[in-house]
Amino acid sequence: MNENFKLDIKRRPRRLRKNDSVLSLCEENRVLPSDLILPVFLKEGRNGADEISYMPGVFRHTVDSLLRLCDSLSKRGVMAIAPFPLVENSKKSIRADEALNPKSLANRAISAVKRRFPEMVVVADVALDPYTTHGHDGILDKSGSWILNDETVEVLCGMSLAAAQAGADFVAPSDMMDGRVGAIREVLDECDLQNTAIMAYSAKYASAFYGPFRDAIGSAPKGGKRGAKYLDKKGYQLNPANSREALKEAALDEDEGADVIMLKPAGYYLDIVAKVRENTSLPIAAYQVSGEYSMIVAAAKNGWISLERAAAESIVSIKRAGADMILTYFADFLAK
Ligand code: PBG
């Protein structure tokens, strides 16, 4: 090694990586607990929470244990949740009637949380999959292979109204039917719910990464007359190969009155987050979905990566791409 070897360069970017204090001063993005929304799973009954086997560290909560969770979340500064119900089989039907029940598990949970924690933001998912026997987000046609758009939107409007009346701050249509944002806005306004906001899942991809979620709420799509064991959701969710289509969907939802544009999944779709960021002035939410969570947790459980660091990195990447708020099952863990 030649001791006198010196590069003749003026620019040395590493000066700004000298120590943690300098790094911190130069940090471009920082995730706060208040940027996060925790998706939570609900079940009936009074017994405590039970852990979801495909998602270690994530539990199905009863309304009582959800209230305890909200208490600890608010102490850590996480002020938003998105509940998803595990609906009992006896309450599922072809037309998802239970979705309209003002006393459904989801709606009871929403009102209990808002009563006890008025500052906690509740994002109510609007789609029929927890409520249909076949697990699809909408009403199936006679052939059993196509989801009817307008018939589904009519049910979604009623479902949104019930969630808004229960006290939800946002209704979040995750069904990907055409025209639902405008129709929901109209119904909410007619019923004097002008202040209930719409967080539209604008670009929701037909993703393999929803697997653990479908296990958690028992909504894996089944049946159909094409003989397939699982009917996929490609007839309404977006093709993962497309990005222009996401811009089109986001523009339509904005036009129809969406208040927040949601994109999902997040980690493998950072290009979509960045592109939509450049095309809208609305806030963007990105959803780090169940499969993204489970992969990180599984690798960490094997000792292959650090859970803390991988979880934090996955989230700051989503923020860096342009998301204002992030739905993540790590919300609680990261805030700790
Ligand atoms: C259904 C819905 C899904 C998720 C949120 N809402 C699953 C699906 O479309 O099948 C997935 C969330 C996750 O995987 O964490 N409307």
Side-chain angles (χ1 to χ4, degrees), residues 36-42 52-60 81-87 92 96 98-99 104 106 123-140 147 152-153 155-156 159-160 163 168 170-177 180-181 184 198-224 230-240 249 262-269 285-298 311 314-315 318 326-333:
L36 304 177
I37 302 172
L38 178 69
V40 289
F41 296 110
L42 303 173
I52 295 156
S53 52
Y54 295 3
M55 302 178 74
V58 176
F59 295 80
R60 286 186 202 91
I81 59 168
F84 293 94
L86 170 69
V87 177
K92 297 190 182 196
E98 178 67 8
S104 70
V123 179
D125 195 77
V126 173
L128 305 185
D129 51 311
Y131 303 99
T132 51
T133 39
H134 43 68
H136 277 285
D137 294 31
I139 310 281
L140 268 180
I147 299 297
T152 298
V153 171
V155 185
L156 295 174
M159 183 178 181
S160 301
F170 286 89
V171 291
S174 67
D175 52 285
M176 293 304 287
M177 296 300 120
R180 89 277 207 219
V181 171
I184 290 169
I198 300 180
M199 184 183 293
Y201 286 69
S202 299
K204 177 173 181 180
Y205 282 87
S207 172
F209 293 97
Y210 306 147
F213 171 99
R214 292 178 186 171
D215 172 62
I217 69 160
S219 67
K222 326 173 222 327
Y230 293 120
L231 230 188
D232 57 45
K233 297 191 176 184
K234 287 190 216 154
Y236 45 107
Q237 299 179 348
L238 296 189
N239 180 348
E249 286 282 5
M262 194 201 293
L263 308 169
K264 148 184 197 182
Y268 288 96
Y269 294 81
Y287 195 145
Q288 181 184 53
V289 300
S290 56
E292 298 178 74
Y293 171 88
S294 296
M295 286 195 303
I296 292 173
V297 172
S314 69
I315 297 303
I318 297 167
I326 301 164
L327 291 101
T328 172
Y329 300 95
F330 287 122
D332 195 17
F333 172 77

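Counting convention: from 1, in listed order, for ligands and their atoms alike.
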Asks: How would you list, by chain and number, every residue that makes a side-chain contact (heavy atoms from CB on, under 4.5 Å) with Ala203, sequence neighbours excluded?
Replies: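 Scan of Ala203 (side-chain contact (heavy atoms from CB on, under 4.5 Å), adjacent residues dropped) gives Tyr205, Leu238, Ala246, Leu263.
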Asks: Mind jotting down which protein residues get a heavy-atom contact under 4.0 Å with ligand 1? Chain and number order, please.
Replies: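 Under the 4.0 Å cut-off, ligand 1 touches Phe84, Asp125, Ala127, Asp129, Asp137, Ser174, Lys204, Phe209, Tyr210, Phe213, Arg214, Lys233, Gln237, Lys264, Tyr287, Val289, Ser290, Tyr329.
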Asks: Partners of Asp129 by side chain to side chain donor-acceptor pair (under 3.5 Å), sequence neighbours excluded?
Replies: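 Expected list: none.
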Asks: Do the rings of Tyr236 and His136 sit parallel, tilted or perpendicular, given the 30° and 60° boundaries?
Replies: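 Plane angle over 60°, so perpendicular.
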Asks: More than 12 heavy atoms of other residues, nucleotides or ligands under 6.0 Å from CZ of Phe59: is that the case?
Replies: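 Count over threshold, so yes.
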Asks: Among residues at least two apart in sequence or on other chains, which ones pass salt bridge (Lys or Arg N to Asp or Glu O under 4.0 Å) with Asp175?
Replies: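 By the salt bridge (Lys or Arg N to Asp or Glu O under 4.0 Å) rule, Asp175 matches Arg180.
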Asks: Within a reach of under 6.0 Å around OH of Tyr268, are more than 12 heavy atoms found that belong to other residues, nucleotides or ligands?
Replies: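 Open: at most 12 neighbouring heavy atoms sit under 6.0 Å from OH of Tyr268.
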